[in-house]
Structures are given as structure tokens and as C-alpha cells.
Amino acid sequence: MGTEAAMDGGETLEISMLDSVAQISAAEWDACADQPGDRPENPFITHRFLDALERSGSVGPGTGWQPRHLVARMAGEVIAVMPMYAKGHSQGEYIFDFDWAHAYEQAGGRYYPKLQSAAPFTPVTGRRFLTRAGHETIGRGALLQGVIQVATNSEVSSFHATFCTAEEREWGESVGLLGRVTRQFHWENRDYADFDAFLADLSSRKRKAIRKERKKAREFGGRIVALTGDGIEPEHWDAFWAFYQDTGARKWGTPYLTRQFFDIAHETMRDDMLLVLAERDGRWVAGALNFIGAETLYGRYWGCVEDHPCLHFELCYYQAIDFAIGNGIDRVEAGAQGEHKLARGYLPTVTHSLHWFRDEGFSRAVENYLKQEAEHIGEEIQIMMDYAPFRKGESENG
């Protein structure tokens, strides 16, 4: 795909589609993904993360995730990019549209393939319309134009930008896309000096419960280590792969990521990762993988080969909080679902997505559904906040 349009001032805007992120340089992509400083704003929209998915075969032929990335150039310069995929199913998205697919096909349509702008297998909020600074309006408009053209040419049913930012959702609704709200559980750092300072914010009962859980977890008979950067070695990935396979087999039937993904990520992204492992009798028995952003620690995967009381909570939630406090990180996003996170200081937080459907009648039906769903989500969050573990009068600040 390639289109050109004349802009005011005589400049030419070109929109093209890539079958692989390797077809654009990392510098051009990341200039739009806005990766300032030593840490990426969001590691999951970096060129190196998307490239690791493709080179490892985690996405691509046979996976139901076929890269269809968009690039907008003005006067030959890349001003906007979008991570996008042609999807043959709705697996690995965490914004569920299975009911929509069923209804669409019951009405005689073909829901798949569809277009999906997302970080595959990653329920993490981040920008989906990636633009260079100063080109936000033109860049977003160009990417949306590209999406509609691809959808029209390919005769796909729909386009979905999942886990986009709240600001993108507002913009999308203003140009005719359908906005959707869902929820996750996030932990917020209130400039805590240490974990005990965080506990001091909780009610006495919840504070005692967490201390009891941490004590029980540490009685599993081994040691816990938190590794990042060069501290992560190939043997650690061998162990974590066993954990990931076990979790993937139970949750999804087949793990989404291939073994090679972790090898490539080790070479290109180990500074962006925190690997928390538990060792017992010389054997790694459990682990949790996090990715590190400039302001957020993202909890991603957990697994084990031995079951020990409370070890899951320790490795996934409390170690993440410890790391965030120790490294001045503002928040921890603990992934999709999990009401049990509430009692551990992770509060319900609204997440966002955008949707477009070729069929106008179906679009109106989904719009009505989304309005009702949003009301339900708002009520659900309010109820959950009433059960937040923070001392009365403080949970609203979380």
C-alpha cells in the first residue's frame, strides 16, 4: 500500500504499509514512539520489542498476527507510525470482542480478518498513533486515513486500537471512532521511602495480612533474587521458559511467545527487564518477568514448577512494589484481570480502546453496548474503591 496527498504549503504526505518493522530503521520508528532518556517511555512500542516478536516467530505467518504497520512520511521524513496487525482471531488481546465476532457472523458477515493496533500479547496502556513531536495532528490524521484505506482495500470487518491512552480515546471519539473503557489494577507510588511506608498507608487489618503473606512466602525454603540488565544470564531464561510454558499451557493452551523471543530480548532488551526468581535447593522454582518503563514497571508473566504458599504474591506484586519504590518509579501495572490485586494495594484503573466497523448498522449496535458497558464499569470501580485497603479517606488519592 502506498498513497500520497498534497498538504498545505505544497508538502507531500505519503502513507505506506510495512510487512515487517525491520523495513523501517529503529531510529525512525523510535523517534515517533518517543523514547526519551535512559528508559523508554513504554518498552512495548519500541522497535526492538516489535522486532523481537517478529524475528522470533511469535507474530507472523501461522500465528494469526500478521504485521501491517503503517508509516506516514512528509517531505520524505517519517512523522508517524502505527504498530498494526491483520488478525485472524481474537487471542492475545485482553480486550474481549468474542461476542461481537459471534454476533457479526450470526448476521451473515465475516468478522475475521480484522485490523488491530496493539502491542501483541501485552495488556499495557500506551500510544497507538505514534507521532513525532510537533506533528501530532497531521500524523494522527494520516494514520487514520491509512487505516481506513487498508480496511477498505482488504475488506476487513473492523479496526481496533486496544489499550490506547485516554487522550487518544478522546481524540478518536471526536473523529468518529467508538471509544471503550475497561479496567485493570495499578499500584501508585506516593513517594514512599520504603515498603513499610506503603504499608503505613493501609488499614491495620490489610497491613497485617500483607506482612503475614510476605513472611509465609519467604518460608518456602530458598532465596529470592531480582535481576536486571547484565545480571540476567541465559540460564535464567532456561528456567523462566519452563515457568512460562506451564502458565501458557494452562491459560491459553499454547504459549504466545516462542523460546527464541527470550533469547532475542536478552540481547536487545535486558536493560528494560526485571526478572524476579525464586531458587530452592539449587533449582529455580518460580519467577516473574517485568518490563521497565521511564515511569512505570509493567508486570507481565509469572510461572512456577513448585507450588509454595503466597510465593506468587511475593514475586509478582510485592517485589514489584519494592523495585518501584527503590528506583523512583511512579506506578506498577500488574496486567489484566485479578480482583485479588485490590487487597494488595493495586487499585482499579480505567483503560481505553478505540473501534471502527465497516458495517454502520453493526457499529450503532456496538455503540449502544459500549455506553451500557461504560456505566457498568464505572459502578464496578466505585464499589471496588469502597473495599480498597487504604485507610479511610486516602484510597481516593490512589
Side-chain angles (χ1 to χ4, degrees), residues 93-96 122-125 162-163 166 180-192 194-218 247 250-251 274 276 286 288-291 293 295-304 307-325 329-353 373-398:
E93 297 171 11
Y94 303 94
I95 296 291
F96 302 116
T122 310
V124 164
T125 293
T162 45
F163 293 101
R180 186 180 192 181
V181 296
T182 46
R183 61 145 177 84
Q184 290 182 339
F185 294 88
H186 299 170
W187 178 86
E188 297 291 335
N189 188 353
R190 304 178 186 176
D191 294 323
Y192 296 120
D194 51 30
F195 196 91
D196 282 340
F198 157 60
L199 290 181
D201 254 358
L202 307 183
S203 68
S204 175
R205 184 169 62 88
K206 295 298 184 182
R207 184 164 58 245
K208 291 177 181 177
I210 289 177
R211 283 178 173 153
K212 183 177 180 180
E213 281 188 347
R214 297 204 80 178
K215 181 177 182 295
K216 184 175 292 186
R218 292 179 177 277
T247 300
R250 286 185 287 106
K251 283 190 173 183
L274 167 67
V276 182
L289 176 61
N290 307 263
F291 283 75
E295 299 177 350
T296 306
L297 181 67
Y298 303 95
R300 289 305 305 116
Y301 301 108
W302 144 268
C304 65
D307 290 322
H308 295 279
C310 301
L311 194 58
H312 170 253
F313 302 141
E314 176 65 25
L315 267 58
C316 291
Y317 307 136
Y318 303 141
Q319 287 287 323
I321 291 173
D322 271 336
F323 186 88
I325 292 173
I329 294 175
D330 292 342
R331 70 188 60 83
V332 179
E333 293 192 16
Q337 303 174 324
E339 286 76 4
H340 60 277
K341 299 167 186 172
L342 180 65
R344 293 160 182 90
Y346 291 73
L347 298 182
T349 305
V350 171
T351 52
H352 309 269
S353 60
E373 183 185 49
E375 293 179 2
H376 173 73
I377 292 291
E379 293 170 357
E380 185 180 61
I381 288 177
Q382 187 57 55
I383 291 171
M384 287 182 176
M385 290 298 288
D386 291 339
Y387 290 92
F390 292 86
R391 289 181 295 173
K392 187 176 180 180
E394 296 188 1
S395 63
E396 291 82 358
N397 298 325

| Has F96 got more than 12 heavy atoms of other residues, nucleotides or ligands less than 6.0 Å from its CZ? | yes

| said: Once rounded to the nearest 0.5 Å, what's the spacing between atom CD1 of I329 and atom CG of L297? | reply: 5.0 Å

| query | Is the charged tip of R190 near the ring of F390: under 6.0 Å from the six-membered ring centre and within 45° of its axis? | reply | yes

| request: Report yes if the side chains of V181 and T351 come closer than 4.5 Å at any heavy-atom pair, otherwise no. | output: no

| field | Ring centres under 6.0 angstrom apart (H186, Y298) | value | no

| field | E333 bridged to K341 by N-O distance under 4.0 Å | value | no

| field | Heavy-atom neighbours of D307 CG exceed 12 at 6.0 Å | value | no

| query | Are W187 and Y317 an aromatic pair by the rule of ring centers under 6.0 Å? | reply | no

| remark: E213 meets the side-chain hydrogen bond (donor to acceptor under 3.5 Å, both in side chains) criterion, sequence neighbours left out, with Y318, R344

| task | For D330 and T296, indicate whether the former's side chain and the latter's backbone hold a donor-acceptor pair under 3.5 Å. | result | no

| Quick one: does T182's side chain have a donor or acceptor within less than 3.5 Å of a partner on R180's backbone? | no

| request: Let me see the working for R218 and L311 under side chain to side chain contact (heavy atoms under 4.5 Å, CB included), right down to the final yes or no. | output: CA-CA 8 Å; R218 292 179 177 277; L311 194 58; over 6 Å; no

| message | As an exercise, state the distance from CD1 of I325 to CG of D196, rounded to the nearest 0.5 Å. | response | 9.0 Å

| field | 4.5 Å side-chain heavy-atom contact, R391 and L202 | value | no

| Check: R183 and M384 side chains under 4.5 Å, non-hydrogen atoms | yes

| Is it the case that R214 places NZ or CZ above or below the six-membered ring of F195, under 6.0 angstrom from the centre and within 45 degrees of the axis? | yes

| query | Given side chains that start at C-beta, do those of F185 and L342 come closer than 4.5 Å, heavy atoms only? | reply | yes

| Should I95 and P123 count as side-chain neighbours, where that means a heavy-atom distance under 4.5 Å? | no

| Less than 4.5 Å apart, any side-chain heavy atom of S204 and any of K208? | yes

| request: Hey, could you give me the SG/CD1 distance between C310 and I210, rounded to the nearest 0.5 Å? | output: 11.0 Å

| What residues form a side-chain hydrogen bond (donor to acceptor under 3.5 Å, both in side chains) with Q319, not counting sequence neighbours? | E314

| said: To check you understand the geometry: which heavy-atom pair defines the closest contact between T162 and S353, and what is its length? | reply: CA-CB, 3.7 Å

| field | Over all atoms of both residues, closest heavy-atom pair of L289 and F291 | value | CD2-CE1, 3.9 Å

| field | K206 with D201: basic N within carboxylate O range, under 4.0 Å | value | no

| query | Should the ring pair H312 and W302 be called parallel, tilted or perpendicular, given that the plane angle runs from 0 to 90° and is split at 30 and 60? | reply | perpendicular

| Roughly how far, to the nearest 0.5 Å, is the CZ atom of F323 from the CG atom of L274? | 5.0 Å

| query | Is any side-chain heavy atom of L199 closer than 4.5 Å to a side-chain heavy atom of R211? | reply | yes

| said: Contact between F163 and H352 at the side-chain level, heavy atoms closer than 4.5 Å - yes or no? | reply: no

| field | Spacing of Y301 atom OH and T122 atom OG1 [to the nearest 0.5 Å] | value | 5.0 Å

| query | Minimum heavy-atom separation for C316 to Y346, with atom names? | reply | O-OH, 4.3 Å

| field | Worked verdict on L347 versus M385 for side chain to side chain contact (heavy atoms under 4.5 Å, CB included) | value | CA-CA 7 Å; L347 298 182; M385 290 298 288; 4.1 Å; yes

| Between CZ of F313 and NZ of K216, what distance do you get to the nearest 0.5 Å? | 10.5 Å

